[in-house]
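Please read the structure below before turning to the comments.
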Amino acid sequence: MRLSQHITQLTGNGSDGWEVFYRARRMIAEGHAVTELTIGEHDILTDPSILAEMDRSARGGHTGYAMVPGTDLLRDTVAARVQTRTGVPTTRDNVLITPGGQAALFAAHLAVCDPGDVGLYLDPYYATYPGTIRGAGAIARPVRTLPQDAFHPRAELIEACAEGAVSLLINTPNNPTGAVYGAETLTGIADLCQRRDMWLISDEVYDTQVWEGHHLSPRALPGMADRTLVVGSMSKSHAMTGSRCGWIVGPPEAIGHLINLATHTTYGVPGYIQDAACFALAAGEALEAQVAAPFRRRRALAMLVLGGQNTVGLLPAQGAMYLMLDIRPTGLSGTGFAHALLDAHAIAVMPGESFGAAAAGHIRVAMTIDDARFETALRTICDFATTLAGRNAAE
Ligand code: PMP
């Protein structure tokens, strides 16, 4: 039977860049000790106090259908958090609670793209982006960012691709590059969106993981609140990846339609998860800092280790839980390097190419194992790269 293009074209054609990840998983299943630095999941679990609130809520009866837009309390809590952090007036009418940031990304694109419209996204990109845009029926068009700019976008490169585009998806702090976009970059993007009458979809799920500079939400820029949909999530900020709780913040009209979409798709988020999210957000920045602390520490460790050699380039890791390493001196592609590293040292990293053509010759290292093993792995990666680069230079 014929299946719709909506689903058969979600992942596009050819390699999806996850071969190293699946090879590592197979090796682990066969009993090999593999150092896993591929995936963006904390090595700590959801805080017991959040679980206790989840338990209290569920046992207290919050296990039936919850309000589809989100509970009033959680929508108010998210609105207050956003207003405090950005200064933009925000109420529950600006907020839809979603089952995680990924569902929010999909819903946001469905809200602004018609079939055949062009949705822009920046390369390198988080793995699901092009499929999410295609899933909404739109044409996913990448815009390159450059390694020499540490992958910060240039408005003129976006402009050059903007013909016919109705939306632009950005992500700051960025996965996989670690870039945290500054005021100038975001102002350029805001200006472009207004001139071209485009929506901005701003993925801010790493907003609590900033190591350098400040997180700026482009919704706060003049004229942007009416054309920006912000995607947020409890996953990264509170180590609640499995709870599936996120949100979209945007203009009330768009949120109204997005609530209709939720009624016809997800039918909301479990009430006991929403209560746990309220509790976690009420714990304030101290809990967020506690969840972010291991990544802050390991990033500092990485700067020390990588500062002691000059083969592997560390891109400025300004935020999020990954390091982007430039391994081009080895003469290998990111994919070639990642496979060779897995073969030689049983260390699994993501090839840059999995995140788009712009990240060729790079690898992404997740900072998600304990400090001692992390440091050892980084030293091994550097030594391995130095040996390969020596051979490359001799050829
Ligand atoms: N955006 C980015 C950039 C991500 O890295 C992720 C998860 N890795 C998500 C969105 C989705 O996160 P979740 O659905 O768990 O909120």
Side-chain angles (χ1 to χ4, degrees), residues 16-18 21 36-43 45-46 50 70 74 78 81 95-109 119 121-133 135-136 140 142 145 151 153 168-181 200-210 215 217-218 229-249 262 265-266 268-270 273-274 276-277 280-281 288 291-292 295 317-324 350 352 354-356 358-359 364-368:
D16 62 4
W18 287 81
F21 172 79
E36 241 292 23
L37 301 171
T38 54
I39 205 151
E41 181 127 41
H42 317 65
D43 48 327
L45 299 173
T46 305
I50 300 175
L74 183 54
V78 169
R81 180 182 194 262
V95 180
L96 167 70
I97 304 302
T98 62
Q102 181 55 45
L105 284 167
F106 180 70
H109 281 94
Y121 64 104
L122 301 177
D123 180 355
Y125 53 86
Y126 170 53
T128 66
Y129 279 5
T132 302
I133 297 171
T145 60
F151 298 114
L168 167 65
L169 170 58
I170 65 168
N171 172 220
T172 178
N174 189 276
N175 173 14
T177 68
V180 173
Y181 300 168
L200 183 61
I201 300 176
S202 180
D203 179 344
E204 302 179 21
V205 303
Y206 292 99
D207 64 349
T208 62
Q209 298 179 3
V210 179
H215 170 65
S217 176
L229 297 174
V230 175
V231 170
S233 173
M234 298 300 291
S235 288
K236 313 292 177 175
S237 56
H238 292 81
M240 289 178 70
T241 46
S243 289
R244 314 308 303 134
C245 189
W247 53 80
I248 305 178
V249 172
T265 52
T266 62
V269 173
I273 298 288
Q274 296 195 59
L281 290 172
E288 295 174 0
V291 173
F295 307 123
Q318 298 173 296
M321 51 172 82
Y322 316 94
L323 304 173
M324 192 65 133
M350 289 299 285
S354 330
F355 306 102
R364 190 196 74 171
V365 176
M367 299 190 279
T368 47

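Just so it is clear, the structure is predicted and the values come from calculations on it, not from any experiment. Residue numbers run from 1 in the order of the sequence given. Atoms within a ligand are numbered from 1 in the order they appear, just like the ligands themselves.
Atom 9 (C) of ligand 1 has its closest protein heavy atom at Y126 CE2, 3.6 Å. Counting only heavy atoms of the protein, atom 8 (N) of ligand 1 lies nearest to K236 NZ, 2.9 Å. In terms of protein heavy-atom proximity, atom 11 (C) of ligand 1 is nearest to Q102 N, 3.8 Å.
Aromatic ring centres of H215 and Y181 lie farther apart than the 6.0 Å criterion allows.
Every atom of ligand 1 with a heavy atom of G101 under 4.0 Å away is listed here by number and element: 13 (P), 14 (O), 16 (O). Within the listing of ligand 1, atoms 1 (N), 2 (C), 3 (C), 10 (C) sit less than 4.0 angstrom from a heavy atom of D203. Remark: ligand 1 atoms within the under-4.0 Å shell around heavy atoms of S235 are 13 (P), 15 (O), 16 (O). Numbered from 1 in the order shown, with element, the atoms of ligand 1 that lie under 4.0 Å from a heavy atom of R244 read 13 (P), 14 (O), 15 (O). In the vicinity of N171, heavy-atom distances shorter than 4.0 Å reach the ligand 1 atoms 3 (C).
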### Task
Check step by step if side chain to side chain donor-acceptor pair (under 3.5 Å) holds for S217 and E204.
CA-CA 8 Å; S217 176; E204 302 179 21; 2.9 Å; yes
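Ion pair E288/K236 not flagged as a salt bridge, since none of the NZ, NE, NH1 or NH2 atoms sits closer than 4.0 Å to an Asp/Glu carboxylate oxygen.
Atom CG of L229 is separated from atom CG of L200 by 8.5 Å, given to the nearest 0.5 angstrom.
At a 3.5 angstrom cut-off on N or O pairs, S233 counts as close to ligand 1.
Counted by atom type alone, Q102 and T132 present one or more donor-acceptor pairs between their side chains at under 3.5 Å.
Under the 30°/60° scheme for interplanar angles, the aromatic rings of Y322 and Y206 are found to stand perpendicular.
Using a distance-only test at 3.5 Å, with no hydrogens or angles considered, no donor-acceptor pair links the side chain of S243 to the main chain of C245.
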